[in-house]
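Sequence positions, counted from 1, serve as the residue numbers for this chain. Everything quoted here is computed from the prediction, not taken from an experiment. Basis for what follows: all heavy atoms, side chains included, without hydrogens, waters or symmetry-related copies.
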Amino acid sequence: MARRKRQHPFLALAQTYLTMYMPEMAGARLQVRMLDGPPGGPRYAVMAELCPRVCPRGTPPALALAGKCGQADCPLRRSVRLLFDRRGTMVQASRSGIHWS
């Protein structure tokens, strides 16, 4: 029997935050990235984004959901980036229309 894939602990923290404070983003796909930075700075970034179902620029919805839209900053996109320190404390939450990569 195959083992279940272990979920990153910051995904659960980010999902809880989004459910409580940004319910419109609660169903978005989350991505975790480890950051390099000075000691004491944020170590992890969790990003989520939602695009409209029909893009006026012609990007197919499947590509937009996968984060492969050619438009870096779109006024129709809703995105959020949550920064966490090593201990799992959220340091910052940023809302924008930018595709965080």
So if you build clusters from Ile, Leu, Val, Met, Phe, Trp, Tyr with side-chain heavy-atom gaps below 4.5 Å, do [X] and [Y] land together?
X: Leu11; Y: Leu83; value: no
X: Val32; Y: Val80; value: yes
X: Leu18; Y: Leu13; value: yes

Examine distances only and state if a side-chain atom of [X] and a backbone atom of [Y] form a donor-acceptor pair shorter than 3.5 Å.
X: Ser79; Y: Ser96; answer: yes
X: Thr16; Y: Ala12; answer: yes
X: Thr19; Y: Ala26; answer: no

Kindly list each side-chain donor-acceptor pair under 3.5 angstrom involving residues 34-44, sequence neighbours excluded, with atom names and distances?
from, atom 1, to, atom 2, distance (Å)
Arg43, NH1, Gly37, O, 3.4

- prompt: Are any of the side-chain heavy atoms of Arg95 and Arg78 separated by less than 4.5 Å?
  reply: no

field: Pairwise side-chain contact, Val46 with Phe84, heavy-atom cut-off 4.5 Å (strictly under)
entry: yes

Between [atom1] of [X] and [atom2] of [Y], what distance do you get to the nearest 0.5 Å?
X: Arg33; Y: Phe10; atom1: CZ; atom2: CZ; result: 16.0 Å
X: Met20; Y: Gln15; atom1: CE; atom2: CD; result: 12.5 Å
X: Leu82; Y: Met25; atom1: CG; atom2: CE; result: 9.0 Å

query: So does Arg81 pair up with Glu49, basic N to acidic O under 4.0 Å?
result: no

